[in-house]
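What you are looking at is a predicted structure, and each value in this text was computed from that prediction instead of being measured. Note on naming: letters A, B, ... go to the chains in the order of the sequence lines (proteins, then strands), and numbering restarts at 1 for each one.
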Number of protein chains: 2
Amino acid sequence: MSVQERKQRERAERERLIVATARELAEQQGWDAVTTRRLAERIEYSQPVLYSHFRGKREIIGAVALEGATELAGAVRAATSAAHGPRERVAALARAYLDFAALNPAVYDALFQLDGGLAYAQEHTPEPLKDAFAALLESLGEVAGDGVHPGLFTEVFWASLHGLATLTRAGRLLPEDAAQRVELLVDRLAVV
Amino acid sequence: MSVQERKQRERAERERLIVATARELAEQQGWDAVTTRRLAERIEYSQPVLYSHFRGKREIIGAVALEGATELAGAVRAATSAAHGPRERVAALARAYLDFAALNPAVYDALFQLDGGLAYAQEHTPEPLKDAFAALLESLGEVAGDGVHPGLFTEVFWASLHGLATLTRAGRLLPEDAAQRVELLVDRLAVV
DNA sequence: TCGATTGTCTAGCGGTGCTAGGGTTGGGTC
DNA sequence: GACCCAACCCTAGCACCGCTAGACAATCGA
């Protein structure tokens with residue numbers, strides 16, 4: 001039995017290596033540079049090994065996305081729990097979200113831009129994705145305002161942050177005024 | 001001279017055909033299906049002909065994007081000019097924008113998701129892109145509120161719409177509550 | 001020690017964006 | 001009207017992509 005366990009452990013370890021390497025490569029040179037050949041070379045295995053762990057490149061992107069969702073949720077919770085008062089909590093959340101997107105562009109892309117084969121906004125949505133949304137909901141729900149469904153408010157706020165994040169990173173918005181935009185967004189959307 | 005003019009005319013016509021075909025193909029089957037081979041086959045020329053008009057696939061995407069920018073600006077202006085009062089104008093703008101994104105997903109992708117090799121938010125930004133932003137600014141500027149720079153407000157509002165458009169189309173937001181989200185966004189962001 | 005199973009690799013398929021180089025065609029000139 | 005030349009377009013091919021079939025080696029259980 002112990003032999004099988006060791007093998008399983010090694011397999012799991014190699015799977016982590018694949019995901020970590022894909023993420024690293026994507027952050028360094030963009031997702032276009034993450035080819036199965038290059039990825040295989042970096043982990044020092046042949047291409048088919050990748051397919052014994054994942055159905056294809058899509059699933060690898062999906063794995064990076066799930067990892068990112070957990071980290072994003074953690075970053076948001078850390079920021080909000082350190083802030084005092086609803087207004088400041090929301091502002092901290094917004095900054096944390098945008099910082100995460102700016103610092104981990106490839107992971108953010110895996111989560112929200114690329115097709116990782118994940119189900120969103122459904123019952124069989126993976127837990128990390130639900131939890132990331134929950135992390136937003138926790139702080140945003142309290143500033144939704146009377147008569148406004150907290151979930152709906154969170155969706156709108158999230159979409160706004162997502163728009164700022166993607167347009168900024170794609171060069172559609174200049175990064176200089178980023179802080180001002182966040183201020184404006186928080187001031188207008190949040191009811192405190 | 002007349003011969004050269006005719007040739008120039010035919011060349012321009014063929015260029016329009018390329019862009020129109022690329023757009024059509026992208027709307028029918030997505031941008032992934034727009035390969036240089038398929039595109040060449042549809043216009044009934046060989047692949048290298050494409051490269052006598054455009055530097056590469058990127059530039060073709062860029063051409064579709066510019067076409068889309070002009071149409072988007074037109075759609076927004078048509079909607080706002082038919083509405084009465086600032087509040088209703090902004091709501092009409094938001095609906096027109098999101099409708100455009102939903103009805104022309106491939107064009108919207110060319111504009112804001114894909115790399116069409118265009119310069120944004122700079123002085124040498126192509127005129128259609130500047131004009132599309134101007135179309136938003138015209139109606140949004142009047143509801144920015146006191147002390148808020150109209151350009152900055154427009155950027156924030158635009159980013160929010162962009163977030164709603166992309167997240168909805170990517171299946172991250174369910175389309176059922178789309179109208180409610182727009183209502184909320186307009187109510188909170190616009191100062192009337 | 002042997003057979004079977006598991007694991008990995010080499011090689012290759014059909015596709016991608018893009019380009020070099022050879023023909024063919026048609027206009028301008030004598 | 002015949003010729004030359006330039007402009008134009010196509011065939012063929014490059015290196016790369018995601019993915020997989022089938023041969024081979026290593027390891028386990030009997």
Side-chain angles (χ1 to χ4, degrees), chain A residues 1-19 21-23 25-26 28-65 106 109-110 114-118, chain B residues 1-19 21-23 25-26 28-65 106 109-110 114-118:
Chain A
M1 282 302 159
S2 150
V3 171
Q4 286 190 10
E5 284 174 11
R6 194 204 68 220
K7 290 207 169 186
Q8 269 192 324
R9 226 171 30 236
E10 288 173 352
R11 241 189 100 75
E13 179 52 38
R14 194 172 63 180
E15 190 158 317
R16 273 193 296 275
L17 177 64
I18 292 172
V19 176
T21 306
R23 175 176 177 167
L25 193 50
Q28 285 173 356
Q29 309 180 170
W31 277 105
D32 279 351
V34 183
T35 70
T36 54
R37 280 174 180 76
R38 247 191 291 259
L39 188 50
E41 195 189 5
R42 285 227 182 175
I43 64 167
E44 296 182 317
Y45 282 94
S46 68
Q47 274 178 286
V49 166
L50 300 174
Y51 293 85
S52 75
H53 288 271
F54 302 94
R55 283 171 173 275
K57 192 181 169 181
R58 249 172 56 146
E59 270 198 7
I60 298 178
I61 295 173
V64 172
D109 280 347
L114 303 176
D115 179 12
L118 302 174
Chain B
M1 280 303 160
S2 149
V3 171
Q4 285 189 11
E5 282 173 12
R6 194 204 68 219
K7 289 206 169 186
Q8 270 192 325
R9 226 172 29 237
E10 288 174 351
R11 239 190 100 76
E13 180 52 38
R14 194 172 61 181
E15 190 158 316
R16 273 194 295 275
L17 177 64
I18 292 172
V19 177
T21 306
R23 175 177 178 167
L25 194 48
Q28 284 173 357
Q29 312 182 37
W31 277 107
D32 278 351
V34 184
T35 69
T36 55
R37 279 174 181 77
R38 246 191 292 258
L39 189 50
E41 195 189 6
R42 286 227 182 177
I43 64 167
E44 295 181 317
Y45 283 95
S46 67
Q47 275 178 288
V49 165
L50 299 174
Y51 293 87
S52 77
H53 288 271
F54 303 94
R55 285 174 174 276
K57 193 181 169 181
R58 249 173 55 145
E59 269 197 7
I60 298 178
I61 295 174
V64 173
D109 280 347
L114 302 176
D115 179 11
L118 302 174

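- Across the protein-nucleic acid pair, B:Tyr45 atom OH and C:dT25 atom P stand 15 Å apart, rounded to whole Å.
- Put simply, CD on B:Glu41 is 11 Å from P on C:dT16, counting in whole angstrom units.
- Shown here for A:Ala22 and A:Leu39, the closest heavy-atom pair between the two residues is N-CD1, 3.6 Å.
- Annotation for A:Thr21 and A:Leu17: closest pair OG1-O, 2.6 Å, computed over non-hydrogen atoms.
- Atom CD1 in A:Ile43 sits roughly 15 Å away from atom P in C:dG7 (whole-Å rounding).
- In plain terms, the two heavy atoms of A:Ala63 and A:Val19 that are nearest each other are CB-CG2, 3.7 Å.
- The stretch residues 46-62 of chain A comes close to DNA chain D through A:Gln47, A:Pro48, A:Tyr51, A:Gly56, A:Lys57, each having a heavy atom under 4.0 Å from the strand.
- The side chain to side chain donor-acceptor pair (under 3.5 Å) search around B:Arg38 returns none, not counting sequence neighbours.
- Distance alone, capped at 3.5 Å, is enough to place a donor-acceptor pair between the B:Lys57 side chain and the B:Val34 backbone.
- Residue A:Arg55 qualifies as open at atom CZ: its count of foreign heavy atoms under 6.0 Å is 12 or below.
- C:dT16 atom P lies 12 Å from atom CD of B:Gln29, rounded to whole Å.
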Would you tabulate the pairs of protein nitrogen or oxygen atoms and nucleotide nitrogen or oxygen atoms of nucleotides 13-15 of chain C closer than 3.5 angstrom?
none

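- Separating the CG atom of A:Leu39 from the P atom of D:dG18 is a distance of 9 Å, rounded to the nearest angstrom.
- When all heavy atoms of A:Phe54 and A:Glu59 are compared, the closest pair comes out as CA-OE1, 3.5 Å.
- Remark: P of C:dG17 and CD1 of B:Ile18 are 14 Å apart, rounded to the nearest angstrom.
- In this structure, CD of B:Glu10 is placed 12 Å from C1' of C:dG26, rounded to the nearest angstrom.
- Between A:Arg11 and C:dT6 there is no side-chain polar atom (N or O) within less than 4.0 angstrom of OP1 or OP2.
- As rounded to whole Å, 12 Å separates atom C1' of C:dT16 from atom CG of A:Asp32.
- The heavy-atom pair separating B:Ala106 from B:Trp31 by the smallest distance is O-NE1, 2.8 Å.
- The minimum heavy-atom distance linking A:Ala110 with A:Val64 is given by the pair CB-CG1, 4.2 Å.
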